[in-house]
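Here is the structure we will look at.
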There are 2 protein chains.
Amino acid sequence: MTLQPIEVRPSAVEACAGSLRDAVLRGDFVEGARLPPERQLAQTLGVNRVTVRGALSRLVVEGLLSVRQGSGYVVQDFLASGGPELLPALVGHADRQGASTLVKDLLEVRRGLAQVVLTRLAGRRVKKAELAAIERAISAMEACAAGPLRDVAEADFAVLSAVVAATGSAAFRLTLNPIGQVLLTLPGLAAAMYRAPLENVAAWRVLAGWLAAPVPEGIPLILSALAERDEATVQQLKRKS
Amino acid sequence: MTLQPIEVRPSAVEACAGSLRDAVLRGDFVEGARLPPERQLAQTLGVNRVTVRGALSRLVVEGLLSVRQGSGYVVQDFLASGGPELLPALVGHADRQGASTLVKDLLEVRRGLAQVVLTRLAGRRVKKAELAAIERAISAMEACAAGPLRDVAEADFAVLSAVVAATGSAAFRLTLNPIGQVLLTLPGLAAAMYRAPLENVAAWRVLAGWLAAPVPEGIPLILSALAERDEATVQQLKRKS
DNA sequence: TTGACAAATTGGTCGGACCACCATACCAAT
DNA sequence: ATTGGTATGGTGGTCCGACCAATTTGTCAA
């Protein structure tokens with residue numbers, strides 16, 4: 001009994017949201033154009049109006065649509081108004097080349113944030129409690145290294161999250177969270193990134209060691225290690241799928 | 001006739017979402033605890049169940065709650081699962097000191113992303129079309145420098161957005177978008193940041209000039225200028241409110 | 001004590017109705 | 001011909017009541 005991959009049936013509004021999101025990203029509706037009215041969409045999708053309303057409001061939050069009472073839903077330029085949570089859908093619509101580029105760029109963003117975090121941490125004393133939390137997260141990752149990849153990925157993100165938490169900055173954490181969640185949902189990414197989970201654990205241990213005496217000179221080494229791992233991940237991703 | 005600040009009445013589900021969000025962030029519900037059922041919340045808030053459902057689903061997307069059919073809504077650790085769009089609400093619940101710290105950190109995140117973007121742009125040739133778009137955005141900002149602050153802030157963000165767009169990376173843009181939107185909604189921030197809009201325009205022009213021949217050596221100067229402006233903004237914010 | 005079963009609770013969906021806002025076309029006054 | 005008001009239909013926003021589906025809880029028998 002290694003694992004039990006439960007499968008959940010997505011809710012109706014989730015299905016509707018996915019369908020509509022795909023349609024928008026596919027370009028079925030011209031940007032700036034108006035979507036069909038809710039009632040018509042409901043009939044087309046064979047679902048109640050309340051359900052499509054839920055889906056549409058979701059897309060509005062995501063930045064794909066805007067809405068005004070009495071007027072209707074208009075397609076937005078999601079690159080100018082959307083959030084990172086759109087990336088999985090974008091990856092789904094891109095070819096192999098485009099998908100790997102998207103992932104590569106997202107990892108670059110993550111490294112950039114990591115650099116800011118490390119820079120901020122440099123020279124400061126990290127509280128013992130937070131250092132202990134990081135150690136705990138690393139150990140947890142080591143513990144599930146042989147288990148399902150999904151758990152490894154989550155544990156890996158938990159370590160990074162703990163490091164970011166050590167900055168004591170809510171803005172940092174809230175900015176990183178969506179990126180981590182996106183990385184978790186990208187299919188095949190975990191398989192490409194955690195081919196040898198224990199190496200990742202070792203890398204984290206290096207970072208934890210640095211945190212004990214965070215001198216700025218140590219940052220480039222850590223960052224280059226991250227870059228190496230990310231590069232290998234992208235290469236593996238290209239080769240695989 | 002300088003401007004006409006229209007006022008819109010927020011929708012019912014927005015109001016409900018705000019009320020519930022405040023309650024959660026204020027700690028009225030213990031983390032991990034279950035919220036009252038939808039029907040009860042509807043009665044308490046004096047609104048239909050459909051309406052509170054909309055508000056609750058919104059909070060789920062924001063990472064404040066999780067939900068399971070038959071079980072209920074449970075409060076999440078938003079620092080571990082929330083997105084940057086929570087920051088305005090957080091600022092509203094913080095004291096003066098905490099609020100300015102939140103803003104300062106968010107600006108630090110933005111500078112970090114700017115650094116990554118500039119690093120990526122360095123050494124590459126920026127396409128003429130994108131350079132022109134940046135110039136256009138700067139001119140648009142200059143044009144509305146004397147107008148309402150809200151427009152200045154939007155134009156300023158549009159410039160940064162154009163610069164990021166020059167990277168050709170969707171991940172970069174989608175990561176930055178929420179941060180920009182948050183900065184736009186923070187009350188009083190525009191007043192603190194754009195006390196002399198023309199200076200900001202001049203700074204952008206410097207950046208645009210660098211983009212014509214993006215040598216890595218020019219990056220620190222631009223970044224330090226940004227840091228200076230952000231620092232001044234935070235100081236002004238502390239002093240003011 | 002344990003396991004299965006039944007009832008109550010709770011979120012998810014449905015159908016229809018009405019209200020508020022908006023877009024358009026039309027008409028009257030200038 | 002232009003302007004301003006008005007009427008009509010369309011569209012999103014909210015409400016009501018009902019039922020379905022998943023979960024939790026309580027109960028009882030083995």
In whole angstrom, what separates B:Glu38's CD from C:dT9's P? 16 Å
Can you tell me if the side-chain N/O atoms of A:Tyr73 get under 4.0 Å from OP1 or OP2 in D:dG10? no
Does the side chain of B:Thr51 get closer than 4.0 angstrom to OP1 or OP2 of D:dG13 through an N or O atom? no
Please report the distance, rounded to the nearest Å, between CZ in B:Arg53 and P in C:dT10. 14 Å
For the side chain of B:Val13, counting heavy atoms from C-beta on, which of D:dT14, D:dG12, C:dG12 is nearest? D:dT14
Just by modelled atom types, is the A:Val152 backbone N or O under 3.5 Å from a matching donor or acceptor in the A:Asp156 side chain? no
Do side-chain atoms of A:Ser139 reach the backbone of A:Glu135 as a donor and acceptor pair under 3.5 angstrom? yes
For the side chain of A:Arg150 and the backbone of A:Leu184, is there at least one donor-acceptor N/O pair under 3.5 Å apart? yes
Atom pair distance, as rounded to whole Å: CZ in A:Arg58 and C1' in C:dG12: 15 Å
Please report, rounded to the nearest Å, how far the P atom of D:dT14 is from the CG atom of B:Leu45. 13 Å
List the steps and the verdict of side-chain contact (heavy atoms from CB on, under 4.5 Å) for B:Leu56 and B:Val67. CA-CA 9 Å; B:Leu56 287 172; B:Val67 57; over 6 Å; no
Is it true that a side-chain atom of B:Gln181 and a backbone atom of A:Ser81 form a donor plus acceptor pair closer than 3.5 Å? yes
Are B:Ser57 and A:Arg58 close enough, and set up right, to give a side-chain contact (heavy atoms from CB on, under 4.5 Å), and what steps lead you there? CA-CA 9 Å; B:Ser57 70; A:Arg58 174 80 175 269; over 6 Å; no
Can you name the one residue among A:Met193, A:Lys238, A:Arg195 that meets side chain to side chain contact (heavy atoms under 4.5 Å, CB included) with A:Thr233? A:Met193
Determine, for nucleotides 16-22 of chain D in 5'-to-3' order, which nucleotides have protein heavy atoms under 4.0 Å from the base (write B), from only the sugar-phosphate (write S), or from neither (write -). B-BB-BB
Roughly, in whole Å, what's the span from CD in B:Glu14 to C1' in D:dT14? 14 Å
Test your reading of the model: is there a side-chain donor-acceptor pair from A:Asn48 to the backbone of A:Ala42, 3.5 Å cut-off? no
So if I take the C1' atoms of five pairs at each end of the helix from C:dT1-D:dA30 to C:dT30-D:dA1 and get each local axis, what angle do the two axes make, rounded to 10 degrees? 10°
